[in-house]
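Everything on this sheet refers to the single structure shown next.
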Amino acid sequence: MEYPITRLRRLRRTEPLRNLVRETHLEPGALIYPLFICEGEAVRREIPSMPGVFNLSVDEAVKEAEAVASLGIGGLLLFGLPAAKDEQASGAWAEDGIVQRGLRALKITAAAKKLVLIADVCLCEYTSHGHCGIVKQEKEGAFEVDNDSSLALLSKTAVSLADAGADIVAPSDMMDGRVAAIRDHLDEEGHEQTPILSYASKFASAFYGPFREAADSAPQFGDRRSYQMDGANLREAMREIDLDLAEGADMILMKPAMPYLDVIRAARERFDVPIGAYQVSGEYSMLQAAFAKDWLDPERAMMESLLSIRRAGAGFIVTYFAKDAAKVLA
Ligand code: PBG
């Protein structure tokens, strides 16, 4: 039936009508807020390229968790800035590592009962060279991030984070076989109930730029293109997800979000597992830069960006906007 019988504008005329026919909804419980935990006490250091996002010492992280929980946000994704870095990434799996201490402190708060505490599992914040695995020198000047020797350290990291109280472990390194290795070690150490949220589909992206400042994890040489995916490859992303699910991933995370909405949509249609998407640092920073110049309406642009990710098929969204968005949704 065509115009003039059909007039789509009829259902757009008032806010109550628009509310009634809205197809996609956001709620605070579907948002996850990343936290960057650092050494020290009473430290609350703003990240220059990420206005409103901070490096927080453990005591400040606890306060932040309380604020986040009272906004009804679903959970936290924890990253760490260790006091020292080395080739074996010992800060990633040390019993008294920075995230492990953060988890133990968070775990005993009332806020933690309302939040899912997700620990990122990766070595890049803890290695002296800033790569996500063990680096092997091939010949003079040529290096390789070694897959299989990295698995042992990633598994050890996952177990130590579960020991410290992580509700979910989330490997983001993109080594082959890491989900199986982590599942194995978790089960051996009595953590068979700890779910794995795999960053199954993680692209080598320029949009991680500000994060590397936030987590002090920029590679000292080379780049991550030999382990993270080529941004051109949607079919390969489906294979990554297939493999991670076969290895035992309980849920998957797509990353970045806005430049890869088609990949999120394809994953949603193909896989019946919980899917999250990570609106990464660069997505946040570019919007913040436009807000600072008064070029975009902050609230509307923020909500529209999150809605696009949800509409693409993400059940939950990791976002630096979580607190601001939760306030709008309250
Ligand atoms: C660790 C990791 C990164 C991000 C999440 N986990 C950095 C990277 O892969 O370089 C990026 C998150 C963001 O940009 O907000 N490997």
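For the numbers below, each heavy atom of this structure counts, side chains included, while hydrogens, waters and symmetry mates do not. Start at 1 and go down the list; that is how both ligands and their atoms are numbered. In this chain, residues are counted from 1 in sequence order.
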**Message:** Which of the numbered atoms in ligand 1 are under 4.0 angstrom from any heavy atom belonging to Cys124?
**Reply:** 1 (C), 16 (N)

**Atoms of ligand 1, numbered as shown, that sit under 4.0 Å from any heavy atom of Asp120** = 6 (N)

**Message:** Using heavy-atom distances only, which candidate in Glu125, Glu213, Lys202, Arg212 approaches atom 2 (C) of ligand 1 most closely?
**Reply:** Lys202

**Asked** Which atoms from ligand 1 have a heavy atom of Phe79 less than 4.0 Å away?
**Response** 5 (C), 6 (N)

**Message:** side chain to side chain donor-acceptor pair (under 3.5 Å), that's the test. Do Tyr227 and Asn147 meet it? Break it down for me.
**Reply:** CA-CA 9 Å; Tyr227 42 106; Asn147 195 87; over 6 Å; no

**Message:** Check contact between Gln228 and ligand 1, using heavy atoms of the residue and a distance below 4.0 angstrom.
**Reply:** yes

**Prompt:** Going from CG on Asp244 to CZ on Arg178, what distance comes out if it is rounded to the nearest 0.5 angstrom?
**Reply:** 5.0 Å

**Message:** So is Lys255 touching ligand 1 or not, going by heavy atoms under 4.0 Å?
**Reply:** yes

**Prompt:** What part of Ser281 sits under 4.0 Å from ligand 1 if we count only heavy atoms: the side chain, the backbone, both or neither?
**Reply:** both

**Message:** Suppose we measure from atom 12 (C) of ligand 1 to each protein heavy atom; which comes out shortest, and what is that distance?
**Reply:** Phe211 CD1, 3.3 Å

**Request:** Find all atoms of ligand 1 within a distance of less than 4.0 Å from any non-hydrogen atom belonging to Arg224, and give their numbers and elements.
**Result:** 8 (C), 9 (O), 10 (O)

**Prompt:** Is the backbone of Pro256 close enough, under 3.5 Å, to the side chain of Ser205 for a donor and an acceptor to pair up by distance?
**Reply:** no

**Request:** Output yes when Glu2 and Arg7 qualify as a salt bridge under the 4.0 Å nitrogen-oxygen rule, no when they do not.
**Result:** no

**Message:** Which residue and atom name correspond to the protein heavy atom nearest atom 15 (O) of ligand 1, and how close is it?
**Reply:** Tyr320 OH, 2.6 Å

**Asked** Between the side chain of Trp295 and the main-chain N/O of Leu287, is any donor-acceptor distance below 3.5 Å?
**Response** no

**Prompt:** Taking the six-membered ring for Trp, are Tyr278 and Tyr320 parallel (under 30°), tilted (30 to 60°) or perpendicular (over 60°)?
**Reply:** tilted

**Request:** Heavy-atom distances under 4.0 Å are what count here, so tell me which part of Tyr278 touches ligand 1: side chain, backbone, both or neither.
**Result:** side chain

**Prompt:** So which bit of Asp173 gets within less than 4.0 Å of ligand 1, heavy atoms only: side chain, backbone, both or neither?
**Reply:** neither

**Request:** Measure the spacing between CD1 of Ile168 and CG of Leu78 and express it to the nearest 0.5 Å.
**Result:** 11.0 Å

**Asked** Can any side-chain N or O of Glu240 pair as donor or acceptor with the backbone N or O of Met174 at less than 3.5 Å?
**Response** no

